Every structure is written in structure tokens, then in C-alpha cells.
Amino acid sequence: MTPPIAPYRTRFALCSGILAIALGTFAMPTPSAPTRPIAAKVLVIGHRGASALRPEHTLASYAVAIRDGADFVEPDLVATKDGVLVVRHENEIGGTTDVAAHPEFAARRTTKTIDGQSIGGWFTEDFTLAELKTLRARERLPDVRGASARYDGQFAVPTFEEMIEFVAAEASARGRVIGIIPEIKHATYFRSIGLPLEDKVLATLAAHAYTRAAPVEIQSFEIGNLKYLRSRLGRHSSNVRLLQLMEDAAERPADEPGMTYGQMMTPAGLAVVAGYADAIGPSTRSIIPLAADGRLAAPTSLVRDAHAAGLEVHPYTFRPENRFLAQEFRNEAGADARNESGSLAEIRRYLATGIDAFFTDDPALGRKAVDTP
């Protein structure tokens, strides 16, 4: 039986007016009073699953995230040589698999330019799915997350279809809806090598009964592919929504190098985004930046401005180790130490700004922050 999705459909309508995007240098919005979420409930998103606890983007990572109460789980999507969507944070897999230990693949190490950056390693598009299935996942941050690194070598690289089937089975077993929030990675690059991702994503979603009904939110740091998806989905898709991800203010989308994310975060820019997306995904520090001493400064007006444009705000990423926390939330246990109380306190500071959802590497802490403020 398909879990109900009505609670996830209650959203404010998007503003109808579309303004021209402002050009020029981005100025950080002025501090604003706290606002309230516009979403029906604040959602906890398992970032790459429960990536603080298991190697990211493995079925084991998703299992822990779901067990720990994530409302959504996130697969990042890239393509294989034979055009299959697989779940990896990047198409470069040297840091998240044991490919370097496979002598049969040594000659495939190469250097490529992706989104303007020169990157060396092994790339999914140079492997068939059958070849990728011979690899095993490993922890991206072994020095920080040694407990997760103990699971190195135990899990395969899942396909998007396998991930959907796993989430559907978990939803059925647990009797609750679990959303899927896929991110399309390096869309312009994959299109340039003859492996466009967007239609594959839509076809995969349409092929599974679960994703024809359960809440889905497709993300991208690029703009053109989200506009294309909007044209395919229509304005009021029953269960699929779109999330415009945003990097730091000075960074630029790979497919729109003449524009900065800072320009997109202005009221005029947000009005344009609202024409094709349902939500924005800025970094947490775009909402409450760090002061010179590493402590949280005053909130910007980004949440308020996005809500005024009819956009929800789903920031990334809360992580439980001291090194990732603002200074006032750290303890004396060391940079790599897990700090649950500090992480909870930081998440709650951001919840007070009115965010509608958030990405976290540790969904259990996210769930606790939302449910026991």
C-alpha cells in the first residue's frame, strides 16, 4: 500500500510575478527578524543517507537514515558508460570506492575538466555498470569518521533504480512515507559527452509505482536543467518538485557563468527562481554567516526574501563533528570528535530562522532537533 503523501503537498503557492534578475555585485542581505516556515512541516533530509555513520550513498547509509527518522533521503546521480544512473556524489570515484585497489582499472585513471575544474581520478562514465558493480564503497572522510570507515569494502555502488526499490520496501515495512530528493550532478558536462541525465531521471521515476506517488524533489546547482524539467513536469506536478541549489555568493552556475549565486539570492533573483523551482537549497552559512571569530553572526534576510517569493528554503549541510560546527557550539574533545549537543544547538539556531527543511549527515540528530525543540 502506498503511504499517504498529502502532508507533503501542503505548500504555499508560488508568486506569479517574475522579475528580471539584478546584475552587479552581490551584497549580503541585511539582518532580519526570525520568520516562520511556509512548509506544512519542517523536513529532515538524510544527506547522502546517514553519511556521518555509514559510507555515503550506500543502501546501508539509507537504511540508517530511514531508521533514524529521515523524511527524505538523498541520492546524487551520475551516469555509467552504458547510460545507467548510479548513486555517487561525484562522477570521480577514487575517494568513495576501492577502485584504486583494482589493478585491472589502473589504466583508466585520467584527468578531466569538469565544470571548469581539472580533476584527476577514475570516472563513472568510463565504466560499465557491470564493472562498477565489482567495486565497493569506502568512507570519504576516514580520518574524521573512523567508525564509518570500518564498513569500507562491504557495500556496492547502487543504481538509482535499486535505491528507489529499497526506499519503497522500507516505506512499506515501516508504514510511513519516505521522500526521495535526487540531485542531478554535472548536467552540462554529462550532456557534453552524450549522456544527458534529465530524461533518464524522469523515466526512472515514471517506471516505479512508488515514485509516481511518493514525494520527490529533484535538485541541481545548474539552472537550465531545472527549467527543462519544469517544462516537462508542468507547473503543478502531483508529487515531483524542483529545488534550486546555490553555492556561496561569489560562485557561478556551470551553465550560467555570467551570473553569480549571490545575484540569484537577491529578492529580484529569487523571484526569477520562483518561476521554475519550488525551493532553494543554499548553504547554511548563507542564512546565518560566520563572524570573524568563527561564531554565528546575525541571520541574513535570505529566508524571509525566499518566502516572500513563494520559495521554501532547504539549506545544507549540518554535520555532527566539532570541525563543522560554529565556534560557540564546539567542545574540547577535538576537531574530529562527534558533538551531539553542539550539533543540536546549531540546528535549532537555524530552525529559528524559519527554514522549511534541512540536509543533515546525521538524521537522528535532525529528527531530535525538530521534534524536541
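Keep in mind the model is a prediction, meaning the values are calculated, not measured.
The CZ atom of Phe359 sits 5.5 Å away from atom CG of Leu243, with the distance rounded to the nearest 0.5 Å. For the atom pair OH (Tyr316) and CG (Leu245), the distance works out to 6.5 Å, reported to the nearest 0.5 Å. Here the CD1-CD1 distance, from Ile347 to Ile355, works out to 8.5 Å after rounding to the nearest 0.5 Å. Asn225 CG to Asp199 CG: the interatomic distance, rounded to the nearest 0.5 Å, is 11.0 Å. With rounding to the nearest 0.5 angstrom, the OG1 atom of Thr124 is 9.0 Å from the NE2 atom of His186. Atom CZ of Phe329 sits about 8.0 Å away from atom CZ of Arg295, to the nearest 0.5 Å.
Residues satisfying the salt bridge (charged side-chain N to carboxylate O under 4.0 Å, His left out) criterion with Arg174, sequence neighbours excluded, are Glu170. Residues that satisfy the salt bridge (charged side-chain N to carboxylate O under 4.0 Å, His left out) test with Arg138, not counting sequence neighbours, are absent from this structure. In this view, Tyr350 and Phe318 satisfy the ring-ring contact (aromatic ring centres under 6.0 Å, His included) rule, not counting sequence neighbours. Considering only residues two or more places apart in sequence or on other chains, Glu56 meets the side chain to side chain donor-acceptor pair (under 3.5 Å) condition with Arg48, Arg140. Residues meeting the side chain to side chain donor-acceptor pair (under 3.5 Å) test with Arg136, sequence neighbours left out: none. Listed by chain and residue number, nothing satisfies the side chain to side chain donor-acceptor pair (under 3.5 Å) test with Asp68 (two or more places apart in sequence, or in another chain). Not counting sequence neighbours, Phe190 has no partner by the ring-ring contact (aromatic ring centres under 6.0 Å, His included) test. Under the rule for a side chain to side chain donor-acceptor pair (under 3.5 Å), the partners of Ser148 that lie at least two apart in sequence or sit in another chain are Glu139.
At most 12 non-hydrogen atoms from other residues, nucleotides or ligands lie less than 6.0 angstrom from CD of Glu332.
Ile119 and Val86 fall within the same hydrophobic cluster, where Ile, Leu, Val, Met, Phe, Trp and Tyr residues are linked whenever their side-chain heavy atoms come under 4.5 Å apart, directly or through other members. Hydrophobic clustering, with ILVMFWY side chains joined whenever heavy atoms are under 4.5 angstrom apart, groups Phe358 together with Ile181. Grouping the Ile, Leu, Val, Met, Phe, Trp and Tyr side chains by contacts below 4.5 angstrom, directly or via other members, places Leu202 with Leu226. At a threshold of 4.5 Å between side-chain heavy atoms, the hydrophobic network of Ile, Leu, Val, Met, Phe, Trp and Tyr places Leu59 and Val87 in one connected group.
Between Arg319 and the options Asp361, Thr284, Asp362, Thr360, a side chain to side chain donor-acceptor pair (under 3.5 Å) holds for only Asp361. Partner Thr159 forms a side chain to side chain contact (heavy atoms under 4.5 Å, CB included) with one of Leu129, Leu85, Leu77, Ile164 and no other, that one being Leu129.
Glu217 and His314 share a side-chain donor-acceptor pair at under 3.5 Å. For the residue pair Ser283/Ser286, the side-chain donor-acceptor check at 3.5 Å is satisfied.
Aromatic ring orientation, Phe221 versus Tyr261: perpendicular (interplanar angle above 60°, classes split at 30° and 60°).
With hydrogens and angles ignored, the 3.5 Å screen pairs no side-chain donor or acceptor of Lys368 with any backbone N or O of Leu344. With hydrogens and angles ignored, the 3.5 Å screen pairs a side-chain donor or acceptor of Glu222 with a backbone N or O of Ala187. Asn331 places no side-chain N or O within donor-acceptor distance of the main-chain N or O of Asn339, the cut-off being under 3.5 Å. A distance-only check finds a donor-acceptor pair linking the side chain of Gln244 to the backbone of Ser220 [under 3.5 Å]. With hydrogens and angles disregarded, no donor-acceptor distance shorter than 3.5 Å links the side chain of Trp122 to the backbone of Val99. Using modelled atom types, no side-chain atom of Ser172 and backbone atom of Ala169 make a donor-acceptor pair closer than 3.5 Å. A donor-acceptor contact shorter than 3.5 Å is absent between the side chain of Ser301 and the backbone of Arg304. Not one N or O on the side chain of Asn91 forms a donor-acceptor pair closer than 3.5 Å with the backbone of Ala79. Counting only distance, with no hydrogens or angles, the side chain of Asp82 and the backbone of Thr128 share no donor-acceptor pair below 3.5 Å. Between the side chain of Thr80 and the main chain of Glu125, no donor-acceptor pair closer than 3.5 Å is present.
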Take Leu132 and Val84 through the test side-chain contact (heavy atoms from CB on, under 4.5 Å) and record every step on the way to the result.
CA-CA 11 Å; Leu132 274 183; Val84 179; over 6 Å; no
Test salt bridge (Lys or Arg N to Asp or Glu O under 4.0 Å) on Asp143 and Arg323 and set out the steps.
CA-CA 12 Å; Asp143 294 336; Arg323 67 168 58 247; over 6 Å; no
Would you sort out whether Lys112 and Tyr189 count as a side-chain contact (heavy atoms from CB on, under 4.5 Å), showing the intermediate values?
CA-CA 10 Å; Lys112 301 188 180 190; Tyr189 169 77; 3.3 Å; yes
Asp336 vs Arg145, test: salt bridge (Lys or Arg N to Asp or Glu O under 4.0 Å). Steps then yes/no.
CA-CA 8 Å; Asp336 296 334; Arg145 294 174 171 169; over 6 Å; no
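Looking at heavy atoms from C-beta onward, His102 lies out of side-chain contact with Glu131 at the 4.5 angstrom threshold. Side-chain contact check for Val167 versus Thr211: every heavy-atom pair is 4.5 Å or farther apart. The closest side-chain heavy-atom distance from Met259 to Ile223 is below 4.5 Å. Looking at heavy atoms from C-beta onward, Ile114 lies in side-chain contact with Phe123 at the 4.5 angstrom threshold. Side-chain contact between Leu205 and Ile218 is present, with at least one heavy-atom pair separated by less than 4.5 Å. In this structure, Glu198 and Arg191 have side chains that are in contact, with non-hydrogen atoms separated by less than 4.5 Å. Side-chain atoms of Ile280 and Met265, non-hydrogen and from C-beta on, never get closer than 4.5 Å to each other. When side chains are defined from C-beta on, Phe166 does not count as touching Pro158, because their heavy atoms never get closer than 4.5 Å.
Screening residues 147-167 for salt bridge (Lys or Arg N to Asp or Glu O under 4.0 Å) gives Lys133-Glu162 as the qualifying pairs, with residues at least two apart or on separate chains. Among residue pairs with one or both ends in residues 342-354, those qualifying as salt bridge (Lys or Arg N to Asp or Glu O under 4.0 Å) are Arg285-Glu346, Glu328-Arg349; sequence neighbours excluded. Residue pairs that meet the salt bridge (Lys or Arg N to Asp or Glu O under 4.0 Å) test with at least one member in residues 86-98, sequence neighbours left out, are Glu90-Lys185. For residues 245-274, there are no salt bridge (Lys or Arg N to Asp or Glu O under 4.0 Å) pairs, not counting sequence neighbours.
Remark: Arg230 is not positioned above the aromatic ring of Tyr276, lacking an NZ or CZ atom under 6.0 angstrom from the ring centre and at most 45 degrees off the axis.
Nearest heavy atom pair, residue Thr111 against residue Ser118, reads CG2-OG, 3.2 Å.
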